Amino acid sequence: MVYVLLGTGFEEIEAVTPIDLLRRAGVAVTTVGLNGKIVKGSHKVGFEADMEISDLDVSDADMIVLPGGLGGVASISGCPAALAAVEQVWQQGGFVAAICAAPTVLAALHITDGHPTTCYPGCEEKMGAALSQPGKAVVRDGKLITGTSAGCAVPFALALVAALKGEEKAQEIAEQIVIR
């Protein structure tokens, strides 16, 4: 199971693209609203999450995904249950993925310490002991996957598919959406 955390102000494309491509690949994805079941993104697009954070149990999690967007990142950072879920998935050996400004949440939890990462340009100073790889769209280091920005949402999502279903499936999905 993949859980995608949706806090008020999340970057829509950074959430919807991974949800869509993972589901195309046959991966079970559940969206989790941090501020209720109805969550508005950074561009005021409303989404109905599958569940609220109070109902989240990540014991079956293969992956947890943190979209960026300054409001969404602030929502995650200010939600003890969300932070605990991220830490639990990491500690139980699941994949932890974050894009844009969201890798800073992982840095605050020391998950990125000593790991190569990428993030939104200008957020590197908030990455603590991470080994920043500016200019890379996506960086995967074992069970840690980070992406740069909304413009990198497709490569990020395909990296998530590859992590869970293999490179062949990721290539199949890339061909399906006619990526160039």
Side-chain angles (χ1 to χ4, degrees), residues 2-22 29-35 39-43 45 47 49 53 56 58 61-91 94-161 163-164:
V2 174
Y3 294 99
V4 179
L5 303 183
L6 303 177
T8 300
F10 70 93
E11 178 61 50
E12 291 93 341
I13 196 169
E14 295 169 0
V16 173
T17 304
I19 292 165
D20 181 274
L21 297 190
L22 285 163
V29 178
T30 298
T31 57
V32 182
L34 304 187
N35 312 98
V39 186
K40 287 218 176 180
S42 62
H43 299 97
V45 179
F47 290 84
I53 189 71
L56 180 61
V58 293
D62 299 304
M63 178 183 285
I64 193 163
V65 180
L66 287 67
L70 293 178
V73 170
S75 294
I76 294 169
S77 295
C79 180
L83 297 174
V86 172
E87 287 185 304
Q88 183 180 340
V89 172
W90 182 250
Q91 289 169 358
F95 285 95
V96 173
I99 187 169
C100 196
T104 62
V105 174
L106 306 182
L109 295 171
H110 300 284
I111 289 171
T112 58
D113 288 358
H115 292 278
T117 63
T118 191
C119 62
Y120 188 80
C123 288
E124 293 89 358
E125 67 273 2
K126 296 179 184 173
M127 290 302 296
L131 306 174
S132 290
Q133 308 281 307
K136 292 202 174 180
V138 180
V139 175
R140 178 177 172 190
D141 185 42
K143 298 281 185 147
L144 178 64
I145 304 169
T146 52
T148 299
S149 64
C152 301
V154 170
F156 176 73
L158 289 171
L160 305 185
V161 171
L164 294 171

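None of the values given here were measured: they were computed from a predicted structure.
- Of all heavy-atom pairs between Ile145 and Met63, the closest is CD1-CE, 4.3 Å.
- Across every non-hydrogen atom of Ile13 and Ala153, the tightest pair is O-CB, 3.7 Å.
- More than 12 heavy atoms of other residues, nucleotides or ligands sit less than 6.0 Å from atom CG of Leu131.
- At a threshold of 4.5 Å between non-hydrogen side-chain atoms, the residues Val86 and Leu66 count as touching.
- In this structure the side chain of Met127 reaches within 4.5 angstrom of the side chain of Thr104, judged on heavy atoms.
- Counting heavy atoms from C-beta on, the side chains of Tyr120 and Leu70 never come closer than 4.5 Å.
- Across every non-hydrogen atom of Val89 and Ala61, the tightest pair is CG2-CB, 3.7 Å.
- Taking CG from Asp141 and OG1 from Thr146, the interatomic distance works out to 9.0 Å, rounded to the nearest 0.5 Å.
- When all heavy atoms of Thr148 and Pro121 are compared, the pair lying nearest together is CG2-CD, 3.9 Å.
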Apply side chain to side chain contact (heavy atoms under 4.5 Å, CB included) to Val32 and Ile53, showing your working. CA-CA 6 Å; Val32 182; Ile53 189 71; 3.9 Å; yes
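- In the displayed structure, Lys143 atom NZ is contacted under 6.0 Å by more than 12 heavy atoms of other residues, nucleotides or ligands.
- Within the 4.5 Å cutoff, side-chain heavy atoms of Phe95 are placed close to those of Arg140.
- Here the closest heavy-atom approach between residue Ala107 and residue Thr112 is recorded as CA-OG1, 3.2 Å.
- With values rounded to the nearest 0.5 angstrom, Glu14 atom CD is found 7.0 Å from Ser149 atom OG.
- Summarising the geometry of Glu124 relative to Gly122, their closest heavy-atom pair is OE1-N, 2.8 Å, with the distance given to 0.1 Å.
- Looking at heavy atoms from C-beta onward, Ser75 lies out of side-chain contact with Phe10 at the 4.5 angstrom threshold.
- Two residues are said to be in side-chain contact when any heavy atoms from C-beta on lie closer than 4.5 Å; Cys100 and Glu11 fail this criterion.
- Counting heavy atoms from C-beta outward, Ile76 and Leu83 have side chains that approach closer than 4.5 Å.
- The backbone N or O of Ala157 lies less than 3.5 Å from no partner atom in the side chain of Thr17, so there is not a single donor-acceptor pair.
- Side-chain contact check for Phe47 versus Val16: some heavy-atom pair is nearer than 4.5 Å.
- Remark: Tyr3 OH to Asp62 CG distance equals 9.0 Å, nearest 0.5 Å.
- For the atom pair Cys119 SG and Gln133 CD, the distance stands at 11.0 Å (nearest 0.5 Å).
- Using modelled atom types, no side-chain atom of Thr8 and backbone atom of Lys40 make a donor-acceptor pair closer than 3.5 Å.
- Of the inter-residue distances, the one linking Thr30 atom OG1 with Leu56 atom CG reads 9.0 Å to the nearest 0.5 angstrom.
- Here CD of Glu87 is found 6.0 Å from CD1 of Ile111. Values are rounded to the nearest 0.5 Å.
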